[in-house]
A.B. asks: 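I'd like to ask you about the structure that follows.
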Amino acid sequence: MLGYYLDLALRSFRRNKVLTALMVLTLALGIGASMTTLTVLRLLSGDPLPHKSAQLFYVQLDPYPKDHPFSRSDKLPWMMSYVDAMNLLHAQRAERQAAMAMTRVKLASTQQRPFFDDGVMTTSDFFSMFEAPFQYGGGWSAADGESRAKVVVIADFLNDQLFGGANSVGRNLRINDQDFRIIGVLRHWAPQPRFYSLYLGGPNYGKGEAVFLPLQSARAAGMGPMSTMSYAGGDKEVLESAPSIWLGLWVQLPDAAAMSAYRSFLAGYARQQVALGRFERSRFGLSDLMQWLDSQQVVPGNVRMQTGLAFSFLLICMVNTVGLLLAKCLRRANEIGVRRALGASRAAIFAQFMAEAGLIGLVGGALGLVFALFGLWCIRQQPAEYASLVHLDGQMFACTFAMALIASLLAGMLPAWRACAVTPAPQLKSA
Amino acid sequence: MTLHPMIAALRKHKAGVVLIALQIALTLAIVCNAIFIIYARIQNVQRPTGMDENNLFLITQQWVGAPSGDDPASIQKLDAMLREDVNALRAMPDVESVTPINSMPLFPSSWNGSIALKPGEELREGNARTTYYFGDESLMKTLGLHLIAGRNFSAADVTNKGFRDPAEANMVIVTKALADKLYPHGDAVGKAVYLDGSNKPSTIIGEVERLQVPSVSSWASSFVWNSTIEPVRLNSNFSRYAVRTKPGRLDAVMRQVPSTLYGVNPMRVLDDDSVKSFKDIRAEAYRADIGMAALMGVICLILLAVTAAGIVGLTSFWVGQRHRQIGVRRALGARKIDILHYFQLENLLIAGGGALFGIALAIGLNRVLMSKFEMESMPVYYVLAGLAVVVLLGQIAVFVPARRASNVPPVAATRSA
């Protein structure tokens, strides 16, 4: 039966070529614009570590004085002081924990002129907690960090650039004019968004950092964080003891029990700091990875606005399609009358018109896919830091057709309903 | 012609009428908000920075193996290296003026703080937020700023300090916007201010007409024109220089910069991004805004085209359906122009109704955008202009099918539909 309906649909398309082309084109434009922006939005608001994000938590404390709060809207500071980070780290109350700060490093090798790249100063659990895979070697131990060992883990792209992809473990890398021994090389690892770097002064998206250094070793070598803030007056020369916040602390808590235990530990810690006179407020925050990204509003306003615009556009295209389909099907009242008189039920007429709408949806979806590919190509030419990452994957490919089909079937419902309400007798008389 | 028969006729096509009206309403709501966004972005992009933007470029470089800058001796060493660079740049042919500087308007690096009228006050509320520019006596000439009161720094006023040294300069030049905020009576020159909660006063010695802060992000939107200039060479293992060239010699000088600086001292990092004309800095700062405005513009045009096509399609269908009635009217003495007017008036009614609903939608949408995207309230004339556009669009779109209707011969009345 469906074959027959599709055949009828094709005949009707051939009769009204311009009208049909117009419907397909408007639907395709709407679908193309929506899919382009949706693909970008999905990339930007995606889960950087889908298997693990529910176990990773970001910790916040509030060392700011009551009368000079961190924010007027009472948000918690998004970084932590060295003293607090080390206290929480050494308490070892979570399964894994790591403190980190971003830094800018000057890298030099014998062959090339020195160049700059991003680096992470962090503690030993970083790699196991964030599931960063090693190609060669491994990370450092907590003891290496404490002894300020000059060791470094490098990213795959830096290894390719400097050592042609060979096993470089054991070789030296000159960072900010000092030698560091390479102890590990990562496989390609660049979770998007850059959840651990974005609030520490690093980029929100992109290829990731080139080097990973033990926090204390990097500090001993004179490296500083990209972003620091002060919560009180006083000596700010030595960041470790200064009233400054500049670190991010992540903990891994495997289940709800561990989370509530950690929560009460944090509450106790904050109250203790108030009692010691270090803090004035005992507030704290423990947000899981996705909540944290959400609260940081990592998706740029422009992208959200474009997505809204594209979907409003699709809505107008759908209203337009409803109008044109309605006009088309009412013009065919005679044909409907004849089919009804020959025994077609109302359901059959309804199905016929829905099949026609669906066919428009499929063709519109195919054309919309072309528009979406073009739109994504345009976005890749933009200078935004996420631009090169934007691609249409299998899921979004299927989603394009699903959306086109749903949009066209929704648009086809009213015309099909009107068509099946046609009474055969008057139509036959007037014909 | 009375409206009564027309409304009676429209009642027979409720679905079609509602669809066209709805489409027009949505189009109006989106188009006038989009145009408002475009306008806001363009206005943002076009504001002058206060500098003479031609023949200006910025150099960013870092020394390799430079002293740390943590002790007085190494700071003096760094300062000597910086002055060596500045002198070499000043000696280049076709260079008019050079200053060491920490950033520039629209450049993605800034040093922000706040200025107070009382010592030791780190102002969050009530204080004037500001961005600091550090340079020497040539900064005014290099950037091409307009001094409107007081005087420029002299060479003797200029000091140097380490990058992390919190000491504040004895004197500053501020923008008029900042001066008026601190001293609303226009007598800021000669008065003392306290920078970043310092206990030591700094004297305002001059006022410049206008100088934008580096950041174009929304967080800096409350103090875009509050700039403070300090007569200080900042010493660290990296440095920036702003260079003004003779008219038309910008490219030639920029090409010569790497070899000149490597000639002074080869131990430094200078990459592709290190030497940048102000034109490029401006283009990069506003690329996202311009891209967004262009996208909005394209979508608006497509939207208007889609809506027009929808009106043509549906009206054509009505004309076909009423073929016989039109013939009857013509046979009864209606002129061609009457038929044309009938369809035009009908469209005006539908478009007008839709547009009224659209005005409400447009204002509602604007409120939503204001709450979510830090947008301003849309002035009424945008809505009125949008109304005019969609009504006009309706009239243009309806003209083709309406003219076809007016060409229906009276004899159609005698034929069956």
Side-chain angles (χ1 to χ4, degrees), chain A residues 16 18-19 22-23 25-26 29-30 33 37 67-69 72 106 108 113-116 174 176-177 222 224 230 232-233 235-237 300-302 304-306 308-310 312-313 315-324 326-328 330-331 333 378-379 382-384 414-415 417-418 430-431, chain B residues 13 15-16 18-20 22-23 26-27 29-30 33-34 37 62 64-66 68 70 120 122 124-125 164 166 197 218 237 267-271 284 287-289 291-292 295-296 299 302-303 305-307 309-318 320-321 365 368-369 372-375 416-417:
Chain A
N16 293 301
V18 179
L19 210 60
L22 196 65
M23 279 190 283
L25 191 67
T26 45
L29 281 171
T37 54
D67 49 345
H68 285 304
R72 275 172 227 173
K106 182 166 61 188
R113 280 224 162 104
F115 58 96
F116 290 100
R174 220 162 158 70
N176 288 12
D177 306 323
S230 300
D235 185 11
K236 285 157 198 168
E237 289 285 311
N302 270 355
R304 283 183 291 145
M305 209 188 266
Q306 280 163 6
L309 184 71
S312 332
F313 182 53
L315 179 69
I316 294 184
C317 290
M318 277 172 67
V319 172
N320 193 51
T321 309
V322 177
L324 295 179
L326 189 69
K328 224 175 122 202
L330 290 185
R331 197 182 266 183
C378 289
I379 286 174
Q382 300 285 311
L414 177 74
W417 176 251
R418 294 290 292 264
S430 70
Chain B
H13 304 281
V18 167
L19 285 171
I20 293 190
L22 187 62
Q23 200 175 346
L26 288 169
T27 305
I30 289 172
N33 275 288
I37 293 170
Q62 181 160 4
V64 177
S68 64
D70 289 333
E122 193 139 12
R124 273 167 194 282
E125 296 94 32
R164 284 191 279 274
S218 56
N237 63 348
M267 294 298 283
R268 64 172 92 229
V269 185
L270 268 177
D271 55 28
E284 273 171 38
R287 198 172 315 197
D289 284 308
M292 186 76 181
L295 184 84
M296 291 262 175
I299 291 217
I302 297 178
L303 208 50
V306 165
T307 302
I311 293 175
V312 172
L314 219 52
T315 318
S316 299
F317 165 67
W318 284 341
Q321 214 181 24
L365 183 60
V368 173
L369 289 176
K372 291 205 166 165
F373 297 103
E374 300 178 28
M375 270 190 30
S416 66

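All heavy atoms count here, side chains included; hydrogens, waters and symmetry mates do not.
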A.B. asks: Can you tell me how far OG1 of Thr321(A) sits from CD of Gln23(B), rounded to the nearest 0.5 angstrom?
C.D. replies: 8.5 Å
A.B. asks: Just so I know, are the side chains of Lys328(A) and Phe317(B) near enough to count as touching, which here means a heavy-atom distance under 4.5 Å?
C.D. replies: no
A.B. asks: Any chance you could measure Ser312(A), atom OG, to Leu365(B), atom CG, to the nearest 0.5 Å?
C.D. replies: 7.0 Å
A.B. asks: Search all heavy atoms of Ala15(B) against all heavy atoms of Leu414(A) and return the closest pair with its distance.
C.D. replies: CB-CD2, 4.3 Å
A.B. asks: Just verifying a value: how many Å separate Leu309(A) CG and Leu295(B) CG, rounded to the nearest 0.5 Å?
C.D. replies: 6.5 Å
A.B. asks: Tell me, for Ile37(B) versus chain A, whether the close heavy atoms (under 4.5 Å) come from the side chain, the backbone, both or neither.
C.D. replies: side chain
A.B. asks: Gly313(B) and Leu324(A): which non-hydrogen atoms are nearest, and at how many Å?
C.D. replies: CA-CD2, 3.8 Å
A.B. asks: Under a 4.5 Å cut-off applied to non-hydrogen side-chain atoms, are Phe313(A) and Ile30(B) in contact?
C.D. replies: no
A.B. asks: Does any heavy atom of chain B fall under 4.5 Å from the side chain of Arg418(A), the backbone, both, or neither of them?
C.D. replies: side chain
A.B. asks: With only heavy atoms counted, which part of Ile316(A) is less than 4.5 Å from chain B, the side chain, the backbone, both or neither?
C.D. replies: both
A.B. asks: So do the side chains of Asn320(A) and Thr307(B) get within less than 4.5 Å of each other, counting heavy atoms only?
C.D. replies: no
A.B. asks: Take Met292(B) and Met305(A) through the side chain to side chain contact (heavy atoms under 4.5 Å, CB included) test and state the conclusion after the steps.
C.D. replies: CA-CA 9 Å; Met292(B) 186 76 181; Met305(A) 209 188 266; 3.5 Å; yes
A.B. asks: I would like to know whether Leu29(A) and Ile302(B) meet side chain to side chain contact (heavy atoms under 4.5 Å, CB included); could you show each step before the answer?
C.D. replies: CA-CA 9 Å; Leu29(A) 281 171; Ile302(B) 297 178; 3.5 Å; yes
A.B. asks: Ala327(A) and Leu314(B): which non-hydrogen atoms are nearest, and at how many Å?
C.D. replies: CB-CD1, 3.4 Å
A.B. asks: Hey, what do you get for CG (Leu369(B)) to CZ (Arg304(A)), rounding to the nearest 0.5 Å?
C.D. replies: 11.0 Å
